[in-house]
Amino acid sequence: MFIHLGGDTIIQRKSVIGIFDLKAIDVPSSKNFFTALRAGRLVEDISSGTAKSLVLTDTRAYLSPISPGTLKKRTGFFLNT
């Protein structure tokens with residue numbers, strides 16, 4: 001199964017490690033992690049400057065314009081929550 005992250009980006013569901021709300025990245029450890037991802041050039045910004053979520057996969061991270069709740073529903077992982 002695939003997940004549409006926005007724009008022209010579609011990834012495999014099985015590669016998703018986590019979906020994070022960018023508003024919640026205020027904790028220093030989260031900021032350090034995000035800074036390390038950017039330094040390693042592992043972040044792909046597909047949001048056109050309106051990022052709402054960070055989707056972490058087994059190979060890279062994506063800044064998506066789609067809300068974390070919507071992406072969560074698209075994964076189908078949490079149907080009973």
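For the pair Val16/Tyr62, no side-chain contact is recorded, criterion being any heavy-atom separation below 4.5 Å from C-beta on. Side-chain atoms of Ser53 and Ser64, non-hydrogen and from C-beta on, do get closer than 4.5 Å to each other. Side-chain atoms of Val43 and Leu63, non-hydrogen and from C-beta on, do get closer than 4.5 Å to each other.
For residues 55-66, every residue pair satisfying the salt bridge (charged side-chain N to carboxylate O under 4.0 Å, His left out) rule, not counting sequence neighbours, is listed here: Glu44-Arg60.
Within the model, atoms CG of Leu56 and CD1 of Ile19 stand 10.0 Å from one another, a figure rounded to the nearest 0.5 Å. In this structure, NZ on Lys73 lies 11.0 Å from CG on Leu71, to the nearest 0.5 angstrom.
Counting all heavy atoms, side chain and backbone alike, Pro65 lies closest to Lys52 at O-CD, 3.3 Å.
Donor-acceptor pairing under 3.5 Å is recorded for the side chains of Thr70 and Ser67.
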Could you go through the side chain to side chain contact (heavy atoms under 4.5 Å, CB included) check for Ile17 and Thr57 one step at a time?
-> CA-CA 5 Å; Ile17 295 171; Thr57 69; 5.7 Å; no
Return all side-chain donor-acceptor pairs below 3.5 angstrom for residues 1-10, not counting sequence neighbours, or 'none' if the list is empty.
| unit_1 | atom_1 | unit_2 | atom_2 | d |
| --- | --- | --- | --- | --- |
| His4 | ND1 | Arg74 | NH1 | 3.4 |
| His4 | NE2 | Gly7 | O | 3.0 |

